[in-house]
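The sequence lines fix the lettering, A, B, ..., with proteins before strands; numbering per chain opens at 1.
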Number of protein chains: 2
Amino acid sequence: MKELTKQQSKVLACVEVYLNKTGFPPTRAEICKELGFKSPNAAEMHLRALEKKGYIAIQSGSSRGISIVKSQQTFEQSPDQMPVIGLVAAGSPTLAEENIEKRIPCDPNMFADSFDYFLKVKGLSMIEAGIHEDDLVAIKKTTDVKNGDLVVVRLEDEVTLKYFKKTNHNLELIPANKDFSTIEVDLREQEAFVEGKSVGLVRTH
Amino acid sequence: MKELTKQQSKVLACVEVYLNKTGFPPTRAEICKELGFKSPNAAEMHLRALEKKGYIAIQSGSSRGISIVKSQQTFEQSPDQMPVIGLVAAGSPTLAEENIEKRIPCDPNMFADSFDYFLKVKGLSMIEAGIHEDDLVAIKKTTDVKNGDLVVVRLEDEVTLKYFKKTNHNLELIPANKDFSTIEVDLREQEAFVEGKSVGLVRTH
DNA sequence: ATTTATACTGTATATTTTTACAGTATATAA
DNA sequence: TTATATACTGTAAAAATATACAGTATAAAT
C-alpha cells in the first residue's frame, strides 16, 4: 500500500471521523469546511489521490459516495471498557469520571443481567458470601431492588455494599460477616439512596 | 420502541443492507428502485415514520443523511463467546465441543492474563478461597505453573481445581476447605497433567 | 532552468437529491 | 358513515453535490 502525504492522511482521517460521527460520508464541501480549504476541488483532488492509492473507493455520480477500503485508524474494534469504581467513602456521585480507577475490557452482557460499572470491594463485610477485598462487583444502575438483593446504597456520605431488606419504613443493610452488624435505617429520619444492585462478581487471580 | 409495519421494516432493512454493501446510505430514489416503489415520496414517508419511531435519524437537507439509530438486524456485533466447561469427572480433553455447557459473551483479556475457557466449579473444596459451587473460574491453558497457583490438574480420570505445590517428585493439590484433605501424588507412581491455571473468577448473582 | 508533484483558490454547471404538494386506494376503527 | 392510518403515484422546484476547467504557489527532482 502506497504511503499517504500529510494532507491526504488528514483528509482520510476527516472522512473516517465524519463517518463515525454521522453514519454517512462527508461531501467535498464538508471536508473543506472541516480542514479549512476554500475550494471543493481541494477535497476532490485529495479524494482522487486516496482512491488511486487504494484507501477509499469513490462511487462516481453519487453524493457522499465515499467508502473506506483501508482504514488508517488502527481502530482495533475496541471492545467495551467497563469502568471500575472504588468504594468511595465520600458520597460523590458514583459514576463520575474522577472516581474511575481504571477500565477493564469486558462485555456488559456477560452476566444474566447487563451492568454499568464495577465496584471495587473494600473491607471484609461480605466475606461469607465469598466476596473478598478488591473483588469487582458488577453493578447495574437501578432503584428496582428486592429484598435479598446485593445492593449499593448511599447513606449520607458513605457508600456501602450489603444485602437489602426493607420492611415499611425500616431498611436493613445486612453484611455477610459475623463480626459486622446490620445497618438499620429508619427512612423517616434518614435518607438512603439505592445506587444499583449487583448482577455478578469478578476476581483476578 | 414502537413496532414497525411490514413496509417500514422492509425499508429499514433496505437501508441497512445498502449501508453494509456500499458504506453509505441510499437516496430515496435508490430505496424505491430496490423495493419497487415508483415515487420517491414512498421512500420518504417510510423514512419519516422510521425516524418518528426512533429507528433512524435523518439529517435534514443532507443527501443520504440517514443514520441507523436502532438496527433491526439482531446482528449483535458478535463479541467473543467464551466457552464454559463443566468439571467433568471423565478425563476427556477438557476443551472438546461436547464438554461445552454454554458460552458467555466475554472479553478474553478482561483479567491481567488472558484465558481460554471458563471452568464451572463443582463442590465446596475451595470455599475458603471464596470460590463457590457454580462459580466460573477463568482458565488459561498452560503447563507453566508455580507453587501457590490455582490450577486445573487431571489425575487419571478426574479433573480437579486446587492450589498447586510441587517438591521434587511430590505433588500436593491443596483444597481451601478444612473438611477436605490435600491430594498427594508421587509423580514416580502416578501421572498428573496440568491443564492450566486460573487467572480469574466470575460469578453471576 | 525546467519539469514534476503537491496543494491549493475560484467559478461554473450538470446532476443528484431532498422535499413539498396534490392526488388515489385500501383497510380498520369509531 | 366517517374518520384515520397505511401505502402508495406523479410532478416539480429548490437545494445540495460532484466535478470539470482555469488558474496560482511552492518545494523537490532532473
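Within residues 37-46 of chain B, the residues that place at least one heavy atom under 4.0 Å from DNA chain C are, in residue-number order, P40(B), N41(B), E44(B).
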Enumerate, atom names and distances included, each donor-acceptor pair closer than 3.5 Å involving a side-chain atom of residues 32-39 of chain A, sequence neighbours excluded.
| residue | atom | partner | partner atom | Å |
| --- | --- | --- | --- | --- |
| S39(A) | OG | N41(A) | N | 3.1 |

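Annotation: side-chain contact (heavy atoms from CB on, under 4.5 Å) contacts of V199(B) (sequence neighbours excluded): F111(B), D113(B), F115(B), A138(B), K140(B). With sequence neighbours excluded, no residue forms a side-chain hydrogen bond (donor to acceptor under 3.5 Å, both in side chains) with D149(B). With sequence neighbours excluded, no residue forms a salt bridge (charged side-chain N to carboxylate O under 4.0 Å, His left out) with D144(A). Every residue meeting the side-chain hydrogen bond (donor to acceptor under 3.5 Å, both in side chains) condition with D186(A), not counting sequence neighbours, appears here in chain and number order: R188(A).
One interatomic measurement links the two molecules: CD of E30(B) to C1' of dT17(D), which rounds to 14 Å at whole-angstrom precision. One atom, CG of L35(B), and another, P of dC8(D), lie 9 Å apart when rounded to the nearest Å. Distance I58(B) CD1 to dT17(C) P: 16 Å, rounded to the nearest Å. In this entry the distance linking CZ of F24(A) with P of dT17(D) reads 9 Å, nearest Å. A straight line from CG of L12(B) to C1' of dA7(D) spans 17 Å, rounded to a whole angstrom. Taking atom CZ on R48(A) and atom P on dA5(C), their separation rounds to 17 Å, with Å as the unit. If you take NZ of K6(B) and P of dT26(C), they are 19 Å apart, rounded to a whole angstrom. Regarding E51(A), its CD atom lies at a distance of 13 Å from the P atom of dA18(D), rounded to whole Å.
Taken from CD1 in I139(A) to NZ in K197(A), the straight-line distance is 11.0 Å, to the nearest 0.5 Å.
At dT18(C), one or more side-chain N or O atoms of R28(B) fall inside 4.0 Å of OP1 or OP2 (strictly under the cut-off). One finds a side-chain N or O of T5(B) lying less than 4.0 angstrom from the OP1 or OP2 phosphate oxygen of dA7(D). Phosphate contact (OP1/OP2 of dT6(D), side-chain N/O of Q8(B), threshold under 4.0 Å): absent. Taking only side-chain nitrogens and oxygens, S60(A) comes nearer than 4.0 Å to OP1 or OP2 of dT19(D). The shortest distance between the side-chain N/O atoms of Q7(B) and the OP1/OP2 oxygens of dT6(D) is not below 4.0 Å.
For residues 159-183 of chain A, every residue pair satisfying the salt bridge (charged side-chain N to carboxylate O under 4.0 Å, His left out) rule, not counting sequence neighbours, is listed here: E128(A)-K178(A). Residue pairs that meet the ring pair (Phe, Tyr, Trp, His ring centres under 6.0 Å) test with at least one member in residues 121-146 of chain B, sequence neighbours left out, do not exist here.
The cationic group of R154(A) lies under 6.0 Å from the six-membered ring centre of F193(A) and within 45° of the ring axis, placing it in a cation-pi geometry.
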| request: Using a 4.0 Å cut-off on protein heavy atoms (strictly under), produce a 5'-to-3' string for nucleotides 24-30 of chain D with B for base contact, S for backbone-only sugar-phosphate contact, and - for none. | output: -------
